[in-house]
Amino acid sequence: MPAGSAFLIKEGMLSKAIRNVDRDNDGVAEYYMLTIRNQILHAVHPLGWIRKLILHVDGRPVPTESVFFVVRGQWICLEHMPTIKDIFWRIGETALIYVKQQGGISKGKHDVECIITASTLEDTSILDERDEWPPRITRLQEEMQTE
Amino acid sequence: MSSRIGIGLWSLQQLSFLRGTKLPEILEIIAGLHVDGVDIYEEYIPCHPVEMHELVQVKKLAGKLGLPITGTWFMNDIVAGVHASSVETVAENLKSNLAVTAALGARYMSIPFLLNVPGLTLKTAYETAVHVLEIVLPTAQEYDVRIAHETARQHTSGLALKIRKELRSDFYTICPDLEAWRLDTADIPLQHAETPNAPKPQPESIELFAQCLTHSPYIHFKLLALDEHGEEPHFPIPEIMDLINRSEREHYLCIEYEGWIPDLRPHLDAAAETRKCVELIRRYQR
């Protein structure tokens, strides 16, 4: 485990763009999507190692049941993410964060904050399911432009 | 006796973050350093899930570059793992990673020895580790892979010595990590990412390093920041290298350059600094 206190490289993790997504091709976006790149220092972890992920857009928290963390086509609702033991987020891999919102997000600039709470249980294959280890909380912030 | 030098992939992880560099290119960079081996860390091993075809390709590529894969490193913390799950689960995870290590043709599988379990006593840590290792070591022997228990934290080298004495198996080796001997300096205080609020540890003694050497064919040579003379003032390098040079057994020194992390010298090029680390050790080798 590294010296110091940082457990990830913040800069460059969050995308600078948000995109509206019309998955069902009905002409109306029902999601907006941003990306996050795995720059965690020991970079391979099951998704459940992240005990909590909170998204704020323009200063307002987004309900966790509306947010999906997508890795290699696998959609995991944030509510269930702490239970995921065998989907791994790999080094340098970009995950997609989809937010369900009818009509998508407005054009223009948006202030996005992503607060990651990770466990200090350092084992790749075992989760801190009882949240016994002290958490590490990191705030990522980016001004994003709707594409 | 002589020592050999290898590079742990941790040294060059910066390249993957900043430039998206993949394993094949990193192996080529390491081959260019003309060292004796490479040590592949879990981040770069196709093991979640295990992809046999990819494992074989990694082994073939390293072989083609003339770079023996000496060791692997997996984030399997025995004591924490048992606390959070069960002895059986931890033992199965270790056996699986021993098989992966064997498939790569490596002789050592390094795993960290951390003590950041809530409420843990050293007695429980010792007993838990012995219990799990007694289950796992026959598999290590079957695969001809030695567990190298990485002791980068205060108290863990002493515990590992006690475990080695109890187990009496050459398939349990102590992997002293220089981090446990690091000095507390103003520019890089003694602090670790997995215990952000813990009191400062004390560096271990040189005498303890000497005691470990008998059981330490594989050593993690953690280095953080070299000065303008190419020396590393944060560790007692001259004393450590003197012991290694005078040791009665051969040692493999796996360089773990860590200066690229955000808290240290992220503006420096990890590949160039790793080359300096190789030169540093070579200056001290006898």
Side-chain angles (χ1 to χ4, degrees), chain A residues 1-14 35-49 51 71-72 74 82-94 116-138 140, chain B residues 10 13-14 16-22 41-45 47-49 73-78 80-86 89-90 92-94 96-97 111-112 114 116-119 152-153 179 182 188-198 222 224 234 258 260-264 266:
Chain A
M1 288 308 300
S5 59
F7 74 100
L8 49 75
I9 299 171
K10 285 183 176 184
E11 194 173 343
M13 278 190 80
L14 288 179
T35 68
I36 183 167
R37 186 168 184 260
N38 184 347
Q39 296 186 164
I40 297 163
L41 294 184
H42 275 296
V44 63
H45 288 282
L47 296 185
W49 179 71
R51 304 306 300 158
V71 179
R72 300 183 296 280
Q74 299 162 101
T83 69
I84 304 298
K85 295 178 181 176
D86 60 0
I87 300 176
F88 284 75
W89 193 20
R90 297 172 182 159
I91 184 167
E93 186 172 35
T94 297
I116 297 175
T117 301
S119 176
T120 47
L121 165 59
E122 307 293 353
D123 191 295
T124 318
S125 304
I126 293 167
L127 299 184
D128 181 12
E129 290 179 87
R130 298 185 292 264
D131 291 317
E132 290 182 89
W133 273 259
R136 271 182 293 222
I137 301 171
T138 297
L140 305 173
Chain B
W10 177 248
Q13 207 171 102
Q14 180 200 51
S16 296
F17 292 133
L18 297 188
R19 300 183 212 155
T21 309
K22 305 281 187 205
Y41 287 33
E42 188 172 8
E43 293 89 337
Y44 295 95
I45 298 174
C47 60
H48 297 297
W73 183 92
F74 289 94
M75 183 88 89
N76 291 144
D77 179 353
I78 293 176
V82 169
H83 183 89
S85 63
S86 67
T89 301
V90 172
E92 285 308 307
N93 290 341
L94 288 168
S96 173
N97 289 337
I111 54 171
L114 301 172
N116 70 330
V117 179
R153 297 294 180 264
E179 181 62 24
R182 180 158 68 89
I188 312 179
L190 274 182
Q191 186 187 11
H192 300 110
E194 82 280 5
T195 49
N197 303 313
K222 174 73 68 72
L224 300 182
H234 305 92
E258 191 173 284
W260 54 270
I261 66 170
D263 289 1
L264 300 179

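Order of the sequence lines sets the chain letters (A, B, ...), proteins ahead of strands, with each chain counted from 1.
A:Leu41 and B:Trp10 get closest at one heavy-atom pair: O-CZ3, 3.1 Å. Scanning all heavy atoms of the two residues, the minimum distance from A:Ala6 to B:Asp263 falls at N-OD2, 3.2 Å.
In this structure, A:Arg37 contributes its side chain and B:Phe17 its backbone to a donor-acceptor pair below 3.5 Å. Using modelled atom types, one side-chain atom of A:Asp123 and one backbone atom of B:Asp77 make a donor-acceptor pair closer than 3.5 Å.
In terms of heavy-atom pairs under 4.5 angstrom with chain B, the leader among A:His42, A:Glu132, A:Glu122, A:Gln39 is A:His42. Contact count versus chain A (heavy atoms, under 4.5 Å) is highest, among B:Gly20, B:Ser16, B:Pro189, for B:Ser16. Interface remark: of the candidates A:Leu8, A:Ile91, A:Val44, A:Ile91 forms the most heavy-atom pairs closer than 4.5 Å to chain B. With chain B as partner, the option from A:Ala43, A:Gly92, A:Ala3 having the largest number of non-hydrogen pairs under 4.5 angstrom is A:Ala3. Here A:Thr124 is the residue among A:Ile9, A:Thr124, A:Ile87 with the most heavy-atom pairs under 4.5 Å with chain B.
No side-chain heavy atom of A:Phe88 sits less than 4.5 Å from a side-chain heavy atom of B:Pro49. Using a 4.5 Å heavy-atom cutoff, the side chains of B:Ile261 and A:Phe7 are not in contact.
A distance of 8.0 Å separates OG of B:Ser85 from NZ of A:Lys85, quoted to the nearest 0.5 Å.
Residues passing the ring-ring contact (aromatic ring centres under 6.0 Å, His included) test with B:His192: none are found, sequence neighbours excluded. With sequence neighbours left out, B:Tyr44 forms a ring-ring contact (aromatic ring centres under 6.0 Å, His included) with no residue at all.
A donor atom on one side chain and an acceptor atom on the other are not found under 3.5 Å apart for B:Gln191 and A:Ser5.
Proximity to chain B is limited to the backbone of A:Asn38, based on heavy atoms less than 4.5 angstrom apart. Both the backbone and the side chain of B:Ala80 come within contact range of chain A, with heavy atoms under 4.5 Å apart. With a 4.5 angstrom heavy-atom cutoff, B:Glu43 touches chain A via backbone and side-chain atoms both. Contact annotation for B:Lys222: only side-chain heavy atoms (C-beta onward) come within less than 4.5 Å of a heavy atom of chain A. With a 4.5 Å cut-off on non-hydrogen atoms, B:Glu258 touches chain A through its side chain but not through its backbone.
The local environment of CD in A:Glu11 is sparse, with at most 12 non-hydrogen atoms from other residues, nucleotides or ligands closer than 6.0 Å.
Ring planes of B:His83 and A:Trp133: perpendicular class, angle over 60° (limits at 30 and 60°).
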- Message: Does B:Val90 form a side-chain contact (heavy atoms from CB on, under 4.5 Å) with A:Ile126? I'd like the steps, not just the answer.
- Response: CA-CA 8 Å; B:Val90 172; A:Ile126 293 167; 3.6 Å; yes
- Item | Stepwise ring pair (Phe, Tyr, Trp, His ring centres under 6.0 Å) test for A:Trp89 and B:His48 | CA-CA 9 Å; A:Trp89 193 20; B:His48 297 297; over 10 Å; no
